[in-house]
Student: 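Mind having a look at this structure? Questions to follow.
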Amino acid sequence: MDIKYDFAEIESKWQSYWEKQGQHHVTEDSDKEKYYLLEMFPYPSGKLHMGHVRNYSIGDVLARYKTMKGFNVLHPMGWDSFGLPAENAAIKHGIHPDPWTRENIASMRDQLKTLGLSYDWQREEGTCLPEYYHWTQWLFLQLYKMGLAYKKKAAVNWCPSCNTVLANEQVIDGHCERCDSVVDKKDLEQWFFKITDYAQRLLDDIDKLGGWPNKVKIMQENWIGRSEGVEITFTTEDGELLPVFTTRHDTVFGVTYMVLAPEHPMVAKLIRGSAYEKPVQEFIRKVSRLSNIDRTSSELEKEGIFIGAYAINPMTGNKVPIWITNYVLYEYGTGAVMGVPAHDSRDFDFAHKYNHQIIPVIAPLNWDGSEFAAAFEEDGVMVNSGQFDGMPNREAMVKMADYMEAKGIGKRVVNYRLRDWLISRQRYWGAPIPIVYCEKCGEQPVNETDLPVLLPVDVEFKPTGESPLKTSPTFAKTTCPVCGGEAIREMDTMDTFVCSSWYFLRYCDAHNPEQAFDREKVDYWMPVDQYIGGVEHAILHLMYARFFTKALHDRGLVTVDEPFANLLTQGMVLKEGTKMSKTKGNVVSPEDIIKRFGADTARLFILFAAPPERDLEWNDTAVEGCYRFLNRVWRLSTQLMELADTAAKMPDQLSADEKELQRTVHTAIKKVGEDISERFNFNTAISAIMEMVNSISDYANKDGVSAAVLSEALDTLLLLLSPFAPHISEELWHLAGHHTSIHKESWPQYQPALLVVDHIEIVVQVNGKIKGRLVVENGLTSEQLQQKVSADQRYQEWLGGKSVVKIIAIPGRLVNIAVK
RNA sequence: GCGGGAGUGGCGGAAUGGCAGACGCACCAGCCUUAGGAGCUGGCGGGAAACCGUGUGGGUUCAAGUCCCGUCUCCCGCACCA
């Protein structure tokens, strides 16, 4: 046969064939082991980029491989389709976000389809569709009823460019995660999810995430930021309570001043009417003028001011001055800190600047009693600490905490860095928060039967920064679900991360109009067996999704309490060493590549160029190399399939060449299977396939071929290649005379006996240096090997006149002779 | 500052403690061809060689890219969290 490899025709032909056959549609099947494979769904920008191609190519290999291994594979795709770009486009071009988004989805879906991915498109979902956000709102109400959704006034992160608030997790180095503007603080009434209630479980259950990269687990651990300490209650001279949180309560005898955050409510109280009122207020104004970044930068010069009041140390009865500074955070702990210059480097600097006393209370080993040149933060022995003197400080920590608890002047507490999740957004293109405000009944949840609260269409998109929802003449006015009287709707919408915190559940029962999902279906499919996406979601999305799953578990809606059993975080796609981006002009468009070389080539290259976790350097000529490889497979296959014969019987006796080919084939089966399933090393799997192609080609160049051996080799080649390059494999499979889809075939099995070779080459080393090689029968023992080596005529030459100390013979590998 | 990861040919990358550089790209030579951005064959870390080579200095071991200690560089995350 001499046909050209026409990838364009082949790819569109099989894509529509698979679609017509409903090949990738799955339903629950109790006879099969389920496998839920999920790639992070994209925001429908309208343009597929290489990061997507990589993410989804990795997923598709796994999906197709698992299917061939007999699993019932759920492999869905959808759209994270609420969000700012649509709204910004509306403001700029006057197009409503809804049709704009739908068009983007349509074009991105087309692009995805040209990649030949094995999605069950019947389960496609979009978070901006009423049929989806209906249930996002319903889930909000469930959390609300559990007391996990609440409104409070707080100093929140405000992005002046996006004109909305942001969650803590969305502020990167003081900048907006999305648009990079500098984030301000604003005092606003906002909706929060009480993720802090789950802090400890989110932390503890990291241990359950055996299939997650360590890196991600550590990042989450740090983000939760658990610290154990003691809350010690200091008092003012007037008897007002001033609790401080400390992890170093063993240093409490060394307190020489106290510091409050400028925002601490006690500050205003303590200065009222005093001579300190004016200068302190001036200082507070100065601090509050600082941007959020400057305020939290460790470069910031520590400054403070005495506020004219004193606090009493409950352990010593000593009076210490109260200061406020620019480095104490109101949001963490109690917003008040005890100053122990001798044992905290920040306090040490501060004390030097403002001449606070420095009292050592923990002695370093062999300390001569001289002044500290720096804060001593290590362990030591207690001094200047009353009845605790002489104890190692670790022991004193326990004793002092006991003492404080017994005396009622302190209690052991655990603090977390994690804050509650701020979910309000002052924007239009998101799921409306289903709450109304009634003058009589106050804040009330919308009745579940009245959901969804639909986004109004009669809105204006103006660049004023005001939420377009507020421009709707009809949206705000409603009736109270309790008294039926006039009420006003909540105008904020939900953070899009809420929508993506449960989409993996909806896929299990994607179009259920009656409920968010059917419990049985979710219990069948969940947890996600393999989740794949970018590491940039290590904290935000992955933490929120874990929180949601736990909350829904507690609500009795799902059985699992962790959503993702295994996680694979893929690296970025780079060009010239940096991330592809429009501003750098180094973007390679997937569409162009597919047009020039086809989807199979694009997929193959992106999987071959690097292991998935690592960053991948784009290389145009290497892409051509992959294209040439597929052409080679095509030529080899089409030319040899006439010589091959599927029906031919394997001869009883094989020639050495035939055995050799057979061995390569079975080695490849083993290697490719293991590389896909155990290590995700698709690059080495592909190189094993390439080696196999080289072997087949070598074999075919010899005189006389066995139809049976060749047929096994060619069929196996296509089967192994099919998860990576599904179209060309399918086409060649059919050309070779098969009548059913290659993707419905079982993964080939290797025969261990065929992996064994008769003879192997053994390396002879002397003192670890290679001196010679020796071909011996396979399977020799260590002793036999030693004998072979010492009987070799080159033996004396290898030794070089030295005397043998020891011989180590490793069967199957080498012999090392230690000489002196 | 703290935490994590990575440094291997010209390049992407391979190597259960056991032959460093699989596989591919680029490059070189030859063949084929009217032609080659096609295909085929061979070569391809350095060195004339002995040998030397996995950022760098030590160590463990018969044997180290791989394990241990130190150090340098780069990348990522957190960063005044009391």
Side-chain angles (χ1 to χ4, degrees), chain A residues 172-174 213-223 225-227 229 244-249 251 259 261 295-302 325-329 331-340 343-347 349-350 415-419 535-536 538-539 571-572 574 577 604-605 608-611 613-626 628-629 631-632 635 671 681 683-694 697 701 761-773 804-819:
Chain A
I172 315 289
D173 279 337
N214 254 331
K215 176 164 99 162
V216 175
K217 292 196 276 189
I218 289 165
M219 280 164 76
Q220 293 216 350
E221 215 173 289
N222 291 341
W223 191 264
R226 178 191 159 102
S227 63
V244 299
F245 173 74
T246 178
T247 53
R248 291 302 305 273
H249 51 279
T251 64
V259 198
R295 176 74 191 277
T296 52
S297 157
S298 50
E299 319 280 270
L300 181 71
E301 170 81 15
K302 292 176 179 45
T325 71
N326 55 3
Y327 74 89
V328 171
L329 307 170
E331 303 91 55
Y332 186 77
T334 61
V337 169
M338 60 188 207
V340 188
H343 302 287
D344 181 290
S345 59
R346 294 159 301 178
D347 296 348
D349 295 346
F350 191 75
N415 242 295
Y416 299 93
R417 213 188 67 110
L418 181 72
R419 309 288 152 77
V535 74
E536 64 273 19
I539 295 171
M572 289 185 293
L574 311 176
L604 196 71
F605 166 74
F608 179 61
E613 303 243 17
R614 251 199 258 186
D615 286 348
L616 180 154
E617 175 70 26
W618 187 266
N619 180 336
D620 287 318
T621 53
V623 176
E624 287 173 37
C626 286
R628 280 206 299 271
F629 170 72
N631 270 288
R632 190 158 181 238
R635 262 195 325 274
K671 173 133 181 82
N681 278 12
N683 55 333
T684 51
I686 292 167
S687 68
I689 296 173
M690 288 172 167
E691 284 179 81
M692 190 177 162
V693 168
N694 291 340
S697 170
N701 283 340
E761 193 179 64
I762 290 290
V763 167
V764 180
Q765 298 182 330
V766 173
N767 282 351
K769 299 214 163 95
I770 298 160
K771 293 292 175 187
R773 288 152 198 285
V804 175
V805 180
K806 194 174 169 188
I807 300 181
I808 295 98
I810 310 295
R813 299 210 180 264
L814 52 66
V815 176
N816 191 7
I817 310 166
V819 301

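Being a predicted model, the structure only gives us computed values, none of them experimental. Excluded from the calculations below are hydrogen atoms, water molecules and symmetry mates; all remaining heavy atoms, backbone and side chain alike, are included.
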Student: For B/C81, does OP1 or OP2 lie under 4.0 Å from any side-chain N or O of A/Asn222?
Tutor: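 Answer is no, no contact under 4.0 Å.
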
Student: Rounded off to whole Å, could you give me the CG-to-P distance for the A/Leu418 and B/C78 pair?
Tutor: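 That distance rounds to 14 Å.
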
Student: Quickly work out the A/Glu624 CD to B/A26 P distance and round it to whole Å.
Tutor: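 Taking CD of A/Glu624 and P of B/A26, I get 7 Å after rounding.
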
Student: Without decimals, in angstroms, what is the distance between A/Glu617 CD and B/C25 C1'?
Tutor: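 Interatomic distance, CD of A/Glu617 to C1' of B/C25: 12 Å.
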
Student: Look at A/Arg417 and B/A79 and indicate whether a side-chain polar atom (N or O) is within less than 4.0 Å of OP1 or OP2.
Tutor: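 A/Arg417 to B/A79 OP1/OP2: side-chain N or O found under 4.0 Å.
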
Student: When you measure only distances, ignoring hydrogens and angles, does the side chain of A/Arg813 come within 3.5 Å of the base of B/C19 through a donor and an acceptor?
Tutor: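 It does not, because no donor-acceptor pair links the side chain of A/Arg813 to the base of B/C19 below 3.5 Å.
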
Student: For the pair made of CZ in A/Arg346 and P in B/A82, what is the distance, rounded to whole Å?
Tutor: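 From A/Arg346 CZ to B/A82 P: 7 Å.
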
Student: Given the rule in the side chain to side chain contact (heavy atoms under 4.5 Å, CB included) test, do A/Arg248 and A/Asp344 qualify, once you have shown the distances and angles that lead to the verdict?
Tutor: CA-CA 9 Å; A/Arg248 291 302 305 273; A/Asp344 181 290; over 6 Å; no

Student: Answer yes or no: does a side-chain N or O of A/Arg628 lie under 4.0 Å from OP1 or OP2 of B/C25?
Tutor: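 A/Arg628 to B/C25 OP1/OP2: side-chain N or O found under 4.0 Å.
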
Student: Using atom CD of A/Glu613 as one end and atom C1' of B/G5 as the other, report the distance to the nearest whole Å.
Tutor: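 Result: 11 Å.
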
Student: List the protein contact pattern of nucleotides 40-63 of chain B with one symbol per nucleotide (5' to 3'): B for base contact, S for sugar-phosphate-only contact, - for none; contact means a heavy-atom distance under 4.0 Å.
Tutor: S----------SS---------BS

Student: For B/C23, take OP1 and OP2 only and decide whether either is under 4.0 Å from a side-chain N or O of A/Thr684.
Tutor: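 Negative; the distance criterion is not met.
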
Student: As a test of your reading of the structure, name each stem of RNA chain B as range with range, where a stem is three or more consecutive Watson-Crick or G-U pairs at under 3.5 Å.
Tutor: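 Stem list for RNA chain B: B:1-7 with B:72-78, B:10-12 with B:23-25, B:27-31 with B:39-43, B:55-59 with B:67-71.
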
Student: Tell me whether B/G9 sits syn or anti, counting syn as a glycosidic angle within 90° of 0.
Tutor: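 What B/G9 shows is a syn base, its glycosidic angle lying within 90° of 0.
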
Student: Base, sugar-phosphate or nothing for A/Ile218? Non-hydrogen atoms, less than 4.0 Å.
Tutor: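 Sugar-phosphate, backbone atoms only, no base.
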
